[in-house]
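We number each residue from 1, following the sequence as shown. Worth saying up front: this structure is predicted, and the values here are computed from it rather than measured.
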Amino acid sequence: MVDPSALGARLASSAVAPLVKKLFVKDQPGAALVTKPVRISGLVSFKGEKQDVTPKDVEKIADELVRRALKAAGPGELPVDAGEAVAVRTALARSLAALGTLTIEDYEAVALGPDEFARTLRSQSAVTVATFALSRDAELFLDRLLHTASLHILNFFTQRSTYIARQQTHQSQQLAQLVKAVDVLLERLPSQSAEDAAFEAQYAAYITARHGTLTIYGLDVYAGTSEWPLDTAYLSLEATRDRAWEGAAQVAAEQVLAQHDHVLLRGVAGSGKTTLVQWLAVTAADLTYQHGLTHLMGRVPFVLPMRRIVRPGTELPVPEQFLKSVGCLVTGEQPAGWVERVLRAGRGVLLVDGIDEISEERRKDAKRWLRDLTRTFPGNLWLVTTRPTAVPERWLDTTDFAELTLSPMAYDDVATFVRRWHRAAGVDESVGTALLRSVRSAPELDRLATNPLMCGMLCALHRDRRGFLPQDRKSVYRAALTMLVERRDVEREVAPGSAFGGRLPFDTQIQLLQKLAWWLIRNSRAEMDRTDAVRILGDAAPSMNIDGSGADVYRWLLLRSGLLREPADGRVDFLHRTFQDYLGARLAVQEMDFDLLVNQAGRTEWEDVILLAVAHARPVEAERMLRRLATDGTARGKLLAAASLRYATEVAPGARQHVEESVRSLIPPQTEHEAYTLAEVGGPLVLGLLPGPDEAEGELAYLVPLVAARVGGPPALHFLTLFRDHPDERVQLVLTASWSTFDRELYLREVLAHLSRRPLVPVHGPEDLRALRSIGGWPNIKFIGPYRVEELTELIVPEQLTRLSLDAPHPVEGLAWLSAFPRLTDVDVDTEVDASRARQIPSGVRLNTPAK
């Protein structure tokens, strides 16, 4: 299991430099200041009058780069198979061939840097993942190879005598600006003592060691360890900033702080929020900056898990207490005032993880704490994570926090994760392929496989049960607990001895763990003091005929169950909140705490606990809960009751009818406002309650997909695929309008490509146009935001376009460029067009302007 993006970096300079030199003509004397500019297209050796290298040779160079990169990989580390290696080579060759079309000058290319220059080559060559059917690993491998080639290309430019002479003419112009920039930097970065510098180096090493590994579920059984290097196991996901029907701005999650200084990031349990925090912390501490996150350069990360720093009866820590509050074990004493000096210089990256893991009362304190710190120390980067509904929308608006949501794993992300997991576990990848088929064919499992934790659990269960998977959530959790608690020591041949003799039976372990889980849930806590855990287990031991102290039982469960962990000295929590909720719900049912459960229906953090309690309850108990939920008067309670129906083992017809009648005022929605409200209140809960396309007629036909589009995520996308053949034009309008709120490539493949009417589709940039081009183009396009004429004329398929809508000011080129589209009949614009530009419209094209 190796990060494909790291393989290209293993290529030695002696291997790459000669290949890169073949792409360019021999050096010429002088600074080239008198003659025409030194365009890159004029330097390549595979075009023009004298071709030292043919276009075919470019493919050979690309092939050699791929071959040497794969050779540099160690045994078992190959990121792509032979077929994908050919696709990567072809894509790389096309990207390198784009050098012949670049009109920028050599010194401008050097100023771009290797990252931006590589992106320029890909953009110029129109190389897309869809075009070459590249997997995520293959795409990462291609990006790293192109980056490596770009680095050597730019280095080659700087060594040319013409570049050196020419560059000297620009240095004097840049010198004054550089001096000013240095002055500003010196003002911002106060003098740092040698003591500070030495401590920062030690702290950076600590961060790398502390957060540089990732726990991958299930690998401890098959590969001997659950800890894997973060840079080889990290899977990049997308974060989305919701802009309602204007579309959603998507960005790689690790780039959120490049666009916003302050970010509140929402994500469901197991979605990768904490892993992202680890990645950003390690990257900021890494002085080599291998991951291209230059906005973190020179900054100091502070990882602040809320469950660790928020203690009962204590104030939240001031900056000087940050390291102490998380139990940071850095060799050497922290210099007095060091954290404050870092923050006043604007060099901090503050990663506040898990607002949802503290009680609602303490969240108010946390909000004030964040407000005071961000105002006192401006210029630092802040990332705050939470479950989606733990805090209301715009919770941190007063402190200028942008709100984004961590997207679930897309279709291709799941496939990539499954492939890497099986490779790391030493299992044949055909087993992973079989798992993917099972998951895709079972809706309940497909809904589960949307985050790294659950994906890893399904991989482990599938491997453990030799290809058989349970088909519902309760059974999946039960099977996972059996594997963790009962099977793990057997598989790993761990001796059964303990301080109190023998191995604790499975049911005994579950009963003990349930007591800890239910205590945490009832007290709105994500972790507890070790002393509390020991006391609870000690009180339970005699009634379970355990001959040992609470400390003995606690130590055994910590080391053997696989479900408990100690995130800090003296603190204990569950491996994941998912297991805490499952076990807590089980004990709540055993102790008949049904009133307590129902009374918490309005709190989102209790949602899974209540659903799982219905699953565990006996029929009469489940019926009592369902009736109470359905009659509590709140929309949330009624939806929760309806969603619980499919979790109950047995429900009397009268009780089922009562629940179904209670939600008739909510489902199906009658207006757009009701549709939006239903999505907001119910979230993913409502997807299983909505009518399908065969039952949705008239007004309901488009209101139902409107709800699903508003909910978002892979389950919602799967639901929308059921409507892609619906004949109602409004349904197809909703489907096209929803494109930007989902994974672009997956939605294009699963929904847009199947629409028959092809109504107006929103486009937010050239990547969207390239995606549409990959399926043969689109007739009705609305380009949202500023545009460049060359992007439209190059990326829109001319023979397909019949209607074009533009909502940005028109560029200086005017509108004559519209003649490039022979079938165009209508152009809609959001601003007035003067008479001279109106006359540029080709004949036969109707210009529609806003009414005065």
Check whether any side-chain N or O of [X] sits under 3.5 Å from a backbone N or O of [Y] as a donor-acceptor pair, and report yes or no.
X: R773; Y: E794; answer: yes
X: E674; Y: Q670; answer: yes
X: T736; Y: L760; answer: yes
X: K273; Y: T385; answer: no
X: Q732; Y: E729; answer: no
X: H754; Y: R749; answer: yes
X: R724; Y: E750; answer: yes
X: R757; Y: P727; answer: yes
X: W778; Y: P759; answer: yes

To the nearest 0.5 angstrom, please state how far the [atom1] atom of [X] sits from the [atom2] atom of [Y].
X: L96; Y: L65; atom1: CG; atom2: CG; value: 7.0 Å
X: L140; Y: S135; atom1: CG; atom2: OG; value: 8.5 Å
X: L806; Y: K782; atom1: CG; atom2: NZ; value: 10.0 Å
X: E116; Y: L121; atom1: CD; atom2: CG; value: 10.5 Å

Indicate the ring-plane relationship of F723 and F719, choosing parallel, tilted or perpendicular according to the 30° and 60° boundaries. tilted
Please work out which of the three classes, parallel, tilted or perpendicular, describes the rings of Y747 and F742, given edges at 30° and 60°. parallel
Test side chain to side chain contact (heavy atoms under 4.5 Å, CB included) applied to L296 and L381, step by step: CA-CA 9 Å; L296 300 180; L381 301 181; 3.9 Å; yes
Decide yes or no on side chain to side chain contact (heavy atoms under 4.5 Å, CB included) for T386 and W395, but give the supporting numbers first. CA-CA 11 Å; T386 180; W395 187 64; over 6 Å; no
Not counting sequence neighbours, which residues clear side chain to side chain contact (heavy atoms under 4.5 Å, CB included) with R823? List them please.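 Applying side chain to side chain contact (heavy atoms under 4.5 Å, CB included) to R823 gives T802.
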Working note: S774 + L748, criterion side chain to side chain contact (heavy atoms under 4.5 Å, CB included); need CA distance, chi angles, decisive distance, verdict. CA-CA 10 Å; S774 70; L748 183 82; 3.7 Å; yes
For D143, side-chain hydrogen bond (donor to acceptor under 3.5 Å, both in side chains) partners two or more places apart: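 If we apply the side-chain hydrogen bond (donor to acceptor under 3.5 Å, both in side chains) test to D143, skipping adjacent residues, the hits are R122.
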If you apply the rule side chain to side chain contact (heavy atoms under 4.5 Å, CB included), what do you find for H260 with V256, and how did you get there? CA-CA 6 Å; H260 309 281; V256 293; 5.6 Å; no
Taking NZ, NE, NH1 and NH2 as the nitrogens, is one of them in R266 or E403 under 4.0 Å from a carboxylate oxygen of the other? yes
